[in-house]
Protein chains: 2
Amino acid sequence: MRLKELASHLGLSQTTVSRALNGYPEVNAETRQRVLDAARRYDYRPNASARRLATGRAGAIGIVLPTDRNMLLDPHYVEFQAGLGERLMKDEIDIVLSPSRSGDEMATYRRMAVSSRVDAVILSSPAVDDPRVALLTELGLPFVVHGRTGSPLDYAWLDIDNEGAFRHAAKHLLDLGHRRIGLINGETRHNFALDRDRGFRAALAAHGVEVDERLVAEGVMSDETGYRITARFLAERPRPTALLVSSMMMSLGALRAIRAAGLELGRDISMIAHDDVIPFLNPDAMVPTLSTTRSSIRAAGTRVAELLMELVAGDRAPASIHELWPVDLVIRASTGPAPRN
Amino acid sequence: MRLKELASHLGLSQTTVSRALNGYPEVNAETRQRVLDAARRYDYRPNASARRLATGRAGAIGIVLPTDRNMLLDPHYVEFQAGLGERLMKDEIDIVLSPSRSGDEMATYRRMAVSSRVDAVILSSPAVDDPRVALLTELGLPFVVHGRTGSPLDYAWLDIDNEGAFRHAAKHLLDLGHRRIGLINGETRHNFALDRDRGFRAALAAHGVEVDERLVAEGVMSDETGYRITARFLAERPRPTALLVSSMMMSLGALRAIRAAGLELGRDISMIAHDDVIPFLNPDAMVPTLSTTRSSIRAAGTRVAELLMELVAGDRAPASIHELWPVDLVIRASTGPAPRN
DNA sequence: CGGCGTATTCAAAGCGCTTTCAACCGGTCG
DNA sequence: CGACCGGTTGAAAGCGCTTTGAATACGCCG
């Protein structure tokens, strides 16, 4: 069913039908109802391409999907996607994934922009100094960054307070008497990891505790990395009495290493991990339950979608969009007073 | 830069320029070169919507993204997506994620089809009896199913041999002398889980071993489920001496439960898990290394993309596309002879 | 009663491509 | 020498929608 046919069925012009369907005010109420009814009856759907061509809007937002780097290829990413989807669904906006070999990403963004496949894009996990920001700005393609770069920050972004989260978490451990605290971080070329590192150091400094660099490590946020780094930390003497871990996935590995070392979590050693609130990694379901710094990445996705739409509609200036979300510190059973000896 | 401008810059008609760019044969070689050069110089990109409208092809394939059910929201899904992307990238085909509340999925497929946003769609993790197959067939929207439904199988599908995988794995355990084998499965409303169940039972039956239904369980494939089911199994007497697990994620939980019970994997109890080959869940990196049934879900994604394109091009009939991939059984350190007592 | 504002509808002109269909230009063939 | 042909190019007609500009009808005012 095409607009043309629908119109002739109704004995109306395409113009009127189009207006009726798109909610323009200059249509007689009765006529509009007739049109709406007919549209439903015939299951009429405007052709997406035609509409896009006519309006100049793509009705889609873009994500560049790096296929060979596994940075984004983790559970966080899907959860974020789901969040985006939740919001975009309401306006029937699609998400366009543009696959791209890493290194080729810039070209992919350019392609998206120039061929106007999307109205805006999302930039995730920015590096400390990320060239994509400049590119997108130059291309004039609206975008929201999930996270932040180092500086300057004259673009639209939404980030969680990674610095504060890890500062508070570290402080909590310090208050419990811990002095040997290990940091198992994500890769510090990403800004969020750097922020966590800062927060960690700031807390120790505030307590007059010196950072032992042998207890600071980073890597891909996997179970494996968590295991390896923890095993290494536990071999140090004096052994750390607490760990700050950058992801739940890593904490699973860490937990294995702790058990393998014959230690008991929450008594011999404490642990706080960052939790993006992923359905199949539930800190309450762990044994013992895991203390976390918590911020729903899904909620962030939803909000980013919202911001994106405001941006596209021209309701907001990019530079006016800066959201820094506070992070909850949720104390559960994996943290306890520092063991004395 | 638009086609029109490019053409006038070159002193040619749009027709010729379009043909030159799209590789039609009736263009003079020299002219084509000029056009190609100019296109590059001006960084010309055809407008996606216009091209789509003109050709009737959307240049995109669709995936319905269920936002509230977490079925697909797991690492497997992303890995599969990456595989798809790897192939689609070559032809600059986009992936369109259409978010949809579950229950509303059918409507979303219908919308995708009727508004011709995509040329084809992928149907993942089909239920044993999945209404989506009939819908898509009726809509005439080309699709490839990743997995299979119960029957009939008169559509395009690619699946791994889940039945064979678990049959072999169970047989291996039986050959090692295990008689009390537990099955920790995904939800059997999905066909893959049902197939695994069948394979498991077939192997036991072939060995004349009776299935103890208290050692058969299913659930969402998460760490938590793995932990809980394993803990329950280990409380049975006589205790199982081996476990067959449906995902690596579950196996992490299972491993925790095993350790918590004071057992040693590979000696007191054996385990084989299914591995979709996910970068951050590496069975070789586990301690002890984990025996698996292995099949790369990413490779499957790539192949599905390939099939999809053949389908769209009309090169293949849907019913001619049936691929059943064999699954490797990789024995590592988590499997050993059944303990005697 | 003529003029005018308002409400409603429509014809037609795009949007930027692809793709007929026609035209043109040597050159070849009978 | 004219018909014909392969090679090459172009004008124009869509693709299915939105939107501008104009037309029509009606009611109200002076």
Side-chain angles (χ1 to χ4, degrees), chain A residues 1-36 38-39 42-60 92 94 111-119 313, chain B residues 1-36 38-39 42-60 91-92 94 111-119 312-313:
Chain A
M1 175 64 54
R2 302 289 169 225
L3 181 59
K4 198 171 175 180
E5 305 170 53
L6 184 61
S8 77
H9 271 295
L10 284 161
L12 287 170
S13 71
Q14 293 190 37
T15 313
T16 304
V17 177
S18 169
R19 282 180 176 141
L21 293 174
N22 291 304
Y24 282 71
E26 63 266 54
V27 181
N28 180 295
E30 187 193 332
T31 308
R32 161 166 290 133
Q33 199 51 55
R34 270 182 58 220
V35 172
L36 257 31
Y42 295 114
D43 192 24
Y44 167 75
R45 290 281 177 177
N47 175 295
S49 304
R51 161 178 270 168
R52 286 166 185 179
L53 180 57
T55 59
R57 269 173 287 110
E92 303 207 343
D94 292 325
R111 180 167 73 88
M112 278 191 160
V114 183
S115 65
S116 57
R117 274 166 201 256
V118 299
D119 297 319
Chain B
M1 176 62 58
R2 301 287 169 229
L3 182 59
K4 199 172 176 178
E5 306 170 53
L6 184 61
S8 78
H9 272 295
L10 284 161
L12 288 170
S13 70
Q14 293 191 39
T15 312
T16 305
V17 176
S18 168
R19 281 177 178 146
L21 293 174
N22 291 305
Y24 282 72
E26 64 267 50
V27 182
N28 181 293
E30 188 192 332
T31 308
R32 162 165 289 135
Q33 199 52 54
R34 271 181 58 217
V35 172
L36 256 31
Y42 294 114
D43 193 23
Y44 167 75
R45 289 280 179 181
N47 176 294
S49 305
R51 160 178 270 167
R52 288 166 183 176
L53 181 56
T55 59
R57 268 173 286 112
D91 294 73
E92 303 207 343
D94 291 325
R111 180 168 72 89
M112 278 193 162
V114 182
S115 65
S116 56
R117 289 168 128 80
V118 298
D119 297 319
V312 171

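Naming convention: chains lettered A, B, ... in sequence-line order (proteins, then strands); numbering from 1 in each chain.
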Do any side-chain nitrogens or oxygens of [X] fall under 4.0 Å of OP1 or OP2 in [N]?
| X | N | answer |
| --- | --- | --- |
| S18(B) | dT18(C) | yes |
| Y24(B) | dT18(C) | no |
| N22(B) | dT18(C) | yes |

Do side-chain atoms of [X] reach the backbone of [Y] as a donor and acceptor pair under 3.5 angstrom?
| X | Y | result |
| --- | --- | --- |
| S115(A) | R111(A) | yes |
| R34(A) | L10(A) | yes |
| S13(A) | T16(A) | yes |
| N22(B) | Y24(B) | no |
| R52(B) | R57(B) | no |

How about [X] and [Y]: do any of their side-chain heavy atoms sit closer than 4.5 Å?
| X | Y | value |
| --- | --- | --- |
| L21(B) | P46(B) | no |
| E30(B) | Q33(B) | no |
| M1(A) | D43(A) | no |
| Y44(B) | V114(A) | no |

*Which part of the nucleic acid does S49(B) contact within heavy-atom distance under 4.0 Å: base, sugar-phosphate only, or nothing?*
nothing
*asked:* Over all strands shown, is T55(A) touching base, sugar-phosphate only, or nothing at heavy-atom distances under 4.0 angstrom?
replied: sugar-phosphate
*asked:* What is the distance, to the nearest angstrom, from the CG atom on L3(A) to the P atom on dA11(C)?
replied: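 It is 13 Å, rounded to the nearest whole Å.
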*Quick one: on DNA chain D, does A54(A) or E26(B) contact a more 5' nucleotide (nearest heavy atom)?*
E26(B)
*Name the residue closer to the 5' end of DNA chain D, choosing between T16(A) and R2(A) according to the nucleotide with the nearest heavy atom.*
R2(A)
Restricting to nitrogen or oxygen on both sides, can you table the protein-nucleotides 21-25 of chain C pairs closer than 3.5 Å?
from	atom 1	to	atom 2	distance (Å)
dC21(C)	N4	R19(B)	NH2	3.3

*Span of DNA chain D in contact with chain B (heavy atoms, under 4.0 Å)*: dT8(D) to dG16(D)
*Which residue, T15(B) or L53(B), contacts DNA chain C at a nucleotide closer to its 5' end, judged by nearest heavy atom?*
L53(B)
